There are 2 protein chains.
Amino acid sequence: MPTLQDVAHRAGVSTATVSKVLSNTPYFTDQTRAKVMQAVEELGYVPHLAARALSKGKTRIIAVVFPYLYDTLFSDPLVLRILEGIESETSRQGYNILLSTPRLNARGPDSHYKQLIQSGYIDGVIALDNVPFASVLDPVRKRGIPAVAIGYYGTDFRVVSDDVSGGFQLMTHVLGLGHRRVGIITVPFNIHYSIQHRIAGLRAGAEAVGVDFDAFPQVDGDFSTDSGEAGAAKLLDAHPDLTAIISLNDRMAMGAILAVRNRGREVPRDVTIVGYDDIPIAATISPPLTTIDQQAPELGRSAMRMLLDVFGNHSPELVKMPTRLIVRQSSAAPARWREEVATHHDSR
Amino acid sequence: MPTLQDVAHRAGVSTATVSKVLSNTPYFTDQTRAKVMQAVEELGYVPHLAARALSKGKTRIIAVVFPYLYDTLFSDPLVLRILEGIESETSRQGYNILLSTPRLNARGPDSHYKQLIQSGYIDGVIALDNVPFASVLDPVRKRGIPAVAIGYYGTDFRVVSDDVSGGFQLMTHVLGLGHRRVGIITVPFNIHYSIQHRIAGLRAGAEAVGVDFDAFPQVDGDFSTDSGEAGAAKLLDAHPDLTAIISLNDRMAMGAILAVRNRGREVPRDVTIVGYDDIPIAATISPPLTTIDQQAPELGRSAMRMLLDVFGNHSPELVKMPTRLIVRQSSAAPARWREEVATHHDSR
DNA sequence: ATCCTATAGTTAAGGGCTTAACTACAGGTG
DNA sequence: CACCTGTAGTTAAGCCCTTAACTATAGGAT
């Protein structure tokens with residue numbers, strides 16, 4: 001492969017000149033520039049990134065860190081959407097993505113990852129950091145590498161989905177349809193931190209409507225469809241009068257739909273089901289799922305833009321990404337309510 | 001950050017000795033080794049990868065290249081599963097993944113990507129290469145970088161899913177259930193090369209059973225659920241006597257289920273639907289989908305192992321990953337057939 | 001005519017690591 | 001005792017690029 005030297009010889013100038021021309025440093029004539037560019041062209045010269053990295057101390061690589069915590073990482077469409085957003089912004093800015101999925105336990109991330117972070121290979125880090133008990137950003141902070149977290153932990157610079165608002169939108173939608181007997185499928189707090197915020201949003205939504213949130217039965221799932229089915233089964237068996245179930249992710253909501261059907265009832269005629277995340281499949285199942293769109297790609301793009309800000313020595317403020325309620329056919333007014341409305345309508 | 005020099009000073013030896021100790025080159029005493037290791041420990045020394053890369057010409061980075069061809073890239077669960085497999089093997093071997101998603105058109109991949117490939121940053125490439133009209137591996141080959149393709153194109157070293165066998169399994173399953181009026185939802189060949197092979201498998205399956213494949217109506221979709229619904233609608237309206245629909249991916253199959261329902265018919269009672277890919281959701285929709293498991297993670301792992309083989313100057317042979325037929329509730333014997341069997345049974 | 005400034009380009013050091021080539025020495029061999 | 005060999009460690013060049021510090025020159029101001 002041709003080097004800077006080769007280009008310099010061919011163009012009849014020094015390596016410094018070539019370097020400066022290529023980096024657009026001022027003070028050279030158009031003629032020189034042309035000579036250099038021609039030599040570059042003819043030789044097919046491409047700068048050697050490792051050499052540049054050594055010399056500049058910058059690699060143009062940013063690490064995208066998804067801790068490998070639970071098996072869901074690679075089956076979670078959300079992760080891919082976030083990655084998509086990061087990728088689009090990253091490649092637009094001429095950076096490269098090094099994908100790292102460290103194993104994380106209570107003593108912290110694995111040592112291979114820690115080495116990577118300290119190896120000088122990485123200009124910045126974007127991490128999905130959402131578990132309270134350990135952070136993949138500890139070694140990053142220690143090393144003083146610019147970092148942005150997508151989540152509630154890790155660094156000063158963070159992008160989060162507005163989970164409170166998402167929960168609020170979901171609850172007020174369901175209550176607004178007239179439901180008053182609502183079951184909730186959640187997951188234990190320690191699995192995913194944002195769940196706390198979604199619950200807080202649900203609670204705020206109930207309060208806004210003047211309904212006692214604590215009266216609503218709750219069961220724990222683990223994000224999986226199966227756990228959603230089991231959870232909904234438990235709810236429906238213990239509280240046959242439920243007219244709506246709020247599930248804190250779409251996959252559990254899909255399980256809940258199955259559970260309703262298995263009991264000979266229908267969605268949304270007998271039971272309204274709403275989910276959270278708006279995974280791609282949510283729009284195309286039967287019935288299409290009412291859910292919350294987290295705008296995952298935008299979350300990723302924001303994180304990258306924020307990282308660039310940090311590179312520029314700014315101190316960007318927390319970005320709270322708005323959520324959007326997507327109303328589809330899985331939610332409807334409860335039967336009794338519908339009757340009342342009909343009656344009321346008739347009596348006019 | 002401490003450097004090799006610092007370690008050398010502290011241990012009272014030369015930098016060469018430190019380097020050799022760390023790379024386990026023979027000819028040093030246990031005492032020296034201990035001194036060096038202690039200094040490393042005390043200083044928290046971690047080798048500077050850019051410097052090592054420059055000096056060795058190796059970076060321990062492998063590029064995972066997913067051409068950004070169609071919007072489905074980041075909503076395709078298969079991609080993520082393959083990535084999972086690559087990641088697991090890659091991190092086990094102490095390599096890092098640089099994720100690249102070049103924009104690809106008929107003139108080849110974008111120039112940022114080409115620069116990356118030529119930049120000396122990358123030891124090897126694993127690419128998803130499945131479109132006939134251009135290859136992301138062209139620049140890689142030109143540069144002589146070891147590469148493995150997951151797909152039908154690109155290099156001598158390839159890992160493919162055995163699409164022919166997948167098609168064969170699907171067709172013989174459907175015909176074996178007794179169906180003889182079968183519709184097929186496919187996609188145009190030029191979108192995804194493996195489709196040709198799946199079709200060839202379908203044909204072989206039909207021939208094995210002695211059925212005329214060309215008599216089966218076909219429609220084109222584009223992998224999306226919507227296109228599956230539209231395709232199935234077209235098939236069912238033009239051929240109301242169809243008792244089974246084979247869709248060449250799961251998302252289109254899910255659309256087909258909707259189309260069947262929209263016509264007041266049921267799956268699998270009236271129409272059998274089978275898909276391809278076994279995306280995570282396939283097991284949990286209603287009815288659970290009969291489909292083909294491509295073993296995507298294993299595909300990824302194989303690719304990485306093959307790449308290591310190429311590094312070792314071997315010439316690994318094509319790996320054809322077997323597919324597995326997953327029979328779930330969306331496929332069943334056709335109604336008439338069931339009657340006949342019942343009659344037959346009664347008459348005994 | 002002298003001095004200064006802005007422009008154009010060069011020289012050479014340095015970034016951190018690997019490794020070929022070399023030195024030094026202890027112990028074994030004839 | 002001279003010589004060789006295997007072991008232990010060192011020296012220094014090289015990987016390719018960037019950049020601070022420097023030189024050289026032309027033109028304008030005084």
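Everything quoted here is computed from the prediction, not taken from an experiment. Order of the sequence lines sets the chain letters (A, B, ...), proteins ahead of strands, with each chain counted from 1.
With sequence neighbours excluded, no residue satisfies side-chain hydrogen bond (donor to acceptor under 3.5 Å, both in side chains) with A/Ser111. Residues satisfying the side-chain hydrogen bond (donor to acceptor under 3.5 Å, both in side chains) test with A/Gln38, not counting sequence neighbours, are A/Glu42.
To the nearest 0.5 Å, the span separating CG on B/Leu49 from CG on B/Leu54 amounts to 12.5 Å.
When the local axes at the two ends of the helix from C/dA1-D/dT30 to C/dG30-D/dC1 are compared, using 5 base pairs at each end, they differ in direction by 60° after rounding to 10°.
Between the C1' atom of C/dC17 and the CE atom of B/Met1 lies a distance of 17 Å, rounded to the nearest Å. C/dG16 atom C1' lies 13 Å from atom NE2 of B/His9, rounded to whole Å. Look at CG on A/Leu49: it is 13 Å from P on D/dC16, rounded to the nearest Å.
Smallest separation of non-hydrogen atoms from B/Val310 and B/Pro146: CG1-CB, 3.7 Å. Taking each heavy atom of B/Leu299 and B/Met321 in turn, the nearest pair found is CD1-CB, 3.4 Å.
Judged by the 6.0 Å and 45° rule, B/Arg103 forms a cation-pi pair with B/Tyr68.
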Report all side-chain donor-acceptor pairs from residues 117-128 of chain B shorter than 3.5 Å, counting only partners two or more places apart or in another chain.
{"unit_1": "B/Ser119", "atom_1": "OG", "unit_2": "B/Leu116", "atom_2": "O", "d": "2.6"}
{"unit_1": "B/Ser119", "atom_1": "OG", "unit_2": "B/Tyr121", "atom_2": "N", "d": "3.3"}
{"unit_1": "B/Tyr121", "atom_1": "OH", "unit_2": "A/Thr59", "atom_2": "O", "d": "3.2"}
{"unit_1": "B/Asp123", "atom_1": "OD1", "unit_2": "B/Thr59", "atom_2": "N", "d": "2.8"}
{"unit_1": "B/Asp123", "atom_1": "OD1", "unit_2": "B/Thr59", "atom_2": "OG1", "d": "3.2"}
{"unit_1": "B/Asp123", "atom_1": "OD2", "unit_2": "B/Thr59", "atom_2": "N", "d": "3.1"}
{"unit_1": "B/Asp123", "atom_1": "OD2", "unit_2": "B/Arg60", "atom_2": "N", "d": "2.7"}

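In terms of modelled atom types and a separation under 3.5 Å, the side chain of B/Ser19 and the main chain of B/Thr15 share no donor-acceptor contact. For A/Thr90 (side chain) and A/Ile86 (main-chain N/O), a donor-acceptor pair under 3.5 Å exists by modelled atom type.
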Residues B/Glu298, B/Arg305; criterion salt bridge (charged side-chain N to carboxylate O under 4.0 Å, His left out); working and verdict: CA-CA 10 Å; B/Glu298 192 50 42; B/Arg305 280 197 293 264; 2.8 Å; yes
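Taking a 4.0 Å limit (strictly below) on heavy-atom distances, residues 112-124 of chain B does not reach DNA chain C anywhere.
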Contact letters for nucleotides 6-15 of chain C, in which S counts primed atoms plus P, OP1 and OP2 and B counts the base, heavy atoms under 4.0 Å: -SBSBB--BB
